[in-house]
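Notes follow once the structure below has been shown.
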Number of protein chains: 2
Amino acid sequence: MELDEGKQKFIQSWGTLGSNWGINRTMAQIHALLLICPEALSAMEIKEQLNISMGNTNMNIRSLIDWGLVYKKLKPGERKEFFVAEKDMWEVVKKIVIQRKKRELEPVIKMLDEISAVQGHCEESDEFCKVVKDIKLFSNKADSILDKLIKADSNWFMKSFINLIK
Amino acid sequence: MELDEGKQKFIQSWGTLGSNWGINRTMAQIHALLLICPEALSAMEIKEQLNISMGNTNMNIRSLIDWGLVYKKLKPGERKEFFVAEKDMWEVVKKIVIQRKKRELEPVIKMLDEISAVQGHCEESDEFCKVVKDIKLFSNKADSILDKLIKADSNWFMKSFINLIK
DNA sequence: TTTTACTTTCAAAAGTTTCTGAAAGTTACA
DNA sequence: TGTAACTTTCAGAAACTTTTGAAAGTAAAA
């Protein structure tokens, strides 16, 4: 297989994967491009390689920086900004977990706390409270596991998990 | 808080959560409704409680059954079908993991195998191969962990994980 | 201070996904 | 076999998301 064909396949698939993970297609494609690039790229180079508009390029580079998946890199003597991707896969997963936990798990836990104030006087409210209690327990457990994963360093996690699954 | 207000909040939030997880909003809302319902409901009752069309109701009940999140239940003497949700949260998570693994992780692993045939003769292809190899390693690890999680039973998983993170 | 090289914003356009409801299909019983 | 009760399908409509590009903003260098 030719390098260019491989690059295209990789960028397209990473885009599809991303859009299933709350990362929009272009955002994931930019990340893919930077991942496989040995050099930092400028916004213009990214725009041209992916054939997308300036606005789209800029917006999605900013989102990637917000998520912590891409870093700005200034080259001495150059005025424009260059960008590099976070290449450690465990770091990438961690950054995504941090964002999604904040955006999804935390609001759910808040909602569950609110609705567990429902008073139970009938079969329907008993069932409701039971389900809410179950989900709360599960979510809190997930929250604490994710916190620990995020804080644990790459090696600790890998070693323990590998031991666990062997 | 009143039961009805709690129910509404729960159904809405579950819908939002679902749509971030490859489960469309209505599909997640139907699941939420069935989760908190002590009785099996018919398609008509679901349609009416959620105020959605017949077609939408039917389509999403079928998807929920495909995902294994909802079961058909026939009542003796009744011609129509009734539906109940899977209520064990760990089962719910497992079913979602099974589907998403099949739809997302497996195609990525296939793609990575294809593109690792790229020949390296320059800095660019070396970097490409290195990144692909890294992601392949990571994905295969994830795949095997998920397989083991899916096969392990609820208690084993919980006990080990709790021990691991304490 | 003016020019130039870049970055950011945002309203409208394009693209994608989801929902509707009428029509067709199925099944069970009289 | 006919009819009524229920389920499924699908094409178009509606809702939502992403992308574009022109215009405005910013800051370094001339």
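Protein chains get the first letters and strands the later ones, always in sequence-line order, with residue 1 at the start of each.
- OP1 or OP2 of D/dT19 lies within a sub-4.0 Å distance of a side-chain N or O belonging to A/N24.
- Atom CG of A/N60 is separated from atom P of C/dT7 by 15 Å (rounded to the nearest Å).
- A/E48 places its CD atom 13 Å from the P atom of D/dG21, with the value rounded to the nearest Å.
- C/dT18 atom P lies 14 Å from atom CD1 of B/I52, rounded to whole Å.
- Residue B/L74 contributes atom CG, which lies 13 Å from atom C1' of C/dT27 at whole-angstrom precision.
- In the hydrophobic clustering of this structure, A/F10 groups with A/I52; members are Ile, Leu, Val, Met, Phe, Trp, Tyr whose side-chain heavy atoms approach within less than 4.5 Å, directly or through other members.
- One interatomic measurement links the two molecules: CE of A/M59 to C1' of D/dG21, which rounds to 13 Å at whole-angstrom precision.
- Put simply, A/R62 has no side-chain N or O that comes within less than 4.0 Å of OP1 or OP2 on C/dT7.
- Under 4.0 angstrom from either OP1 or OP2 of C/dC19 there lies at least one side-chain N or O belonging to B/T26.
- With hydrogens and angles ignored, no donor-acceptor pair closer than 3.5 Å exists between the side chain of A/R79 and the base of D/dA29.
- Under the 3.5 Å distance criterion, the side-chain polar atoms of A/N60 are matched with a main-chain donor or acceptor of A/N56.
- One can place CE of A/M44 at 10 Å from C1' of C/dT7, the figure rounded to the nearest angstrom.
- Separating the NZ atom of B/K72 from the P atom of C/dT27 is a distance of 11 Å, rounded to the nearest angstrom.
- When atom types are taken as modelled, the side chain of B/R100 and the backbone of A/N20 share a donor-acceptor pair closer than 3.5 angstrom.
- Taking 4.0 angstrom as the limit, A/N58 places none of its side-chain polar atoms (N or O) nearer than this to OP1 or OP2 of C/dC6.
- Residues A/V84 and A/L41 are members of separate hydrophobic clusters, defined by side-chain heavy-atom contacts under 4.5 angstrom among Ile, Leu, Val, Met, Phe, Trp and Tyr.
- Where A/M54 and B/R25 meet DNA chain C, the nucleotide closest to each residue was compared, and A/M54 sits on the side nearer the 5' end.
- Regarding A/I61, its CD1 atom lies at a distance of 12 Å from the C1' atom of C/dC6, rounded to whole Å.
- Cation-pi check for B/K75 over B/F82 is met; the charged atom lies under 6.0 angstrom from the ring centroid and within 45 degrees of its normal.
- Between A/G55 and A/K80, the residue anchored nearer the 5' end of DNA chain C, judged by the nucleotide with its closest heavy atom, is A/K80.
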